[in-house]
Protein chains: 2
Amino acid sequence: MTTAHELTKNQTLVFNTLSRADGPLSAYTILDQLRGDGFRAPLQVYRALEKLLDYGMVHRLESINAFVACAHPHNHSHSHGMTAFAICEKCGQVSEFSDDVITQRVRQWTTDNGFKQTKTTIEIRGVCAACGTA
Amino acid sequence: MTTAHELTKNQTLVFNTLSRADGPLSAYTILDQLRGDGFRAPLQVYRALEKLLDYGMVHRLESINAFVACAHPHNHSHSHGMTAFAICEKCGQVSEFSDDVITQRVRQWTTDNGFKQTKTTIEIRGVCAACGTA
DNA sequence: TCTCGATATGTGATGTTATTACATTAGTCA
DNA sequence: TGACTAATGTAATAACATCACATATCGAGA
């Protein structure tokens, strides 16, 4: 299951950019950071992101149109659980967590309602502890 | 508590458009539907939506950049739990529900982590019962 | 080796979503 | 009236994402 994916050149560049960043980046920010490496067009970024999302190495934050490297790189122990994100609106930091009870309750609802789930987004917006006390 | 908000002309037009729709609409779709009523620019829609979101009469679906009239018109009191949405990718129908356990678990995490939550998004993408059996 | 097919890449144009900036209008109230 | 506030009108632009088409790269057979 946990295959180590061979990344292509562009995928590697995009993934490294996200890994080095200390918060989520938009596709266009990634593009700008990779101009020096020959990137010229948005599609180069979006295509790489698509694969990285497939591989589970990157997450998309729907509520801010941004992307972030997965916080649990080689640990897929939570891979059948849904991942939730807490996004600080002050500093931009994202905390990733997974809660079995939430996963369970969502599954409960989908089962009860015959809904075939493909992807679930859970994003909490607010102010993180560090920014809240500052 | 549940104040009936006086809606302005544009807010009323936008809200009625969303209410009549049998699924979520994008801001630009709303705009097109209201051209006959004098709407000319996106901002007219976005400004109305902003207020309607404030009033809790409309929800924004982050994962599809669209808006939908609240399914529970009367008691929109914020003290109730977080609202989750199941969005069918076949027919576009949205089911709105609220789960106390999920609300509880999210609050638990935010409390434990000193995160001051302002807004939470829970969106399930997939195929609804009707489309799944069809 | 050559050719085929699959995958990856390059590039410009276009489509879609959202905001900024500034002008105008309408209602409230001292 | 005048001054203040909320709502509206409009153009331009910013931000996010995809389409269409050309080219390149690489591995599996003939």
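Here is how names work: the chains are called A, B, and so on, in the same order as the sequence lines, proteins then strands, and each is numbered from 1.
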Nucleotide [N], atom [atom2] - distance to [atom1] of [X] in whole Å:
| X | N | atom1 | atom2 | result |
| --- | --- | --- | --- | --- |
| Asn10(B) | dA6(D) | CG | P | 17 Å |
| Asn65(B) | dA15(D) | CG | P | 16 Å |
| Gln44(A) | dA17(D) | CD | P | 17 Å |
| Phe67(A) | dA15(D) | CZ | C1' | 13 Å |
| Lys9(A) | dA24(D) | NZ | C1' | 12 Å |

Is [X] reaching over with its side chain to a backbone N or O of [Y], donor-acceptor style, under 3.5 angstrom?
| X | Y | result |
| --- | --- | --- |
| Thr103(A) | Met82(A) | yes |
| Gln33(B) | Ile30(B) | no |
| Thr118(B) | Arg125(A) | yes |

For this session: Could you check whether the rings of Phe97(B) and Trp109(A) sit parallel, tilted or perpendicular, using 30° and 60° as the cut-offs?
Result: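 Parallel, since the angle between the ring planes stays under 30°.
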For this session: Would you check if the distance from the ring center of Phe67(B) to the ring center of His59(B) is below 6.0 Å?
Result: no
Problem set entry | DNA chain C: 5'-proximal contact among Ile64(B) and Thr8(A) (nearest heavy atom) |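 That would be Thr8(A).
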Exercise. Any chance NZ of Lys119(A) has more than 12 other-residue heavy atoms, nucleotides or ligands included, within less than 6.0 Å?
Worked result: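 Correct, the count exceeds 12.
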Problem set entry | Residue Glu50(B) excluded, over 12 heavy atoms near CD under 6.0 Å | no
Exercise. Nearest 0.5 Å, what's the CG-CG distance between Leu7(B) and Leu52(B)?
Worked result: 6.0 Å
Exercise. Can you tell me how far CG of Asn10(A) sits from CZ of Arg47(A), rounded to the nearest 0.5 angstrom?
Worked result: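 Those atoms lie 8.5 Å apart.
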Exercise. Hey, can you pull the residues of residues 27-40 of chain A with a non-hydrogen atom under 4.0 angstrom from DNA chain C?
Worked result: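 Output list: Arg40(A).
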Exercise. Earliest and latest nucleotide of DNA chain C, 5' to 3', sitting under 4.0 Å from a non-hydrogen atom of chain B?
Worked result: dT17(C) to dA21(C)
Problem set entry | Contact under 4.0 Å: Ser26(A) side-chain N or O vs dC16(D) OP1/OP2 |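 Yes, Ser26(A) has a side-chain N/O under 4.0 Å of OP1/OP2 on dC16(D).
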Exercise. Just to confirm, is there a sub-4.0 Å distance from OP1 or OP2 of dA7(D) to any side-chain nitrogen or oxygen of Lys51(B)?
Worked result: yes
Seminar exercise, completed: Of dA20(D), dT10(D), dA17(D), the nucleotide closest to the side chain of Arg47(A) is dA20(D)
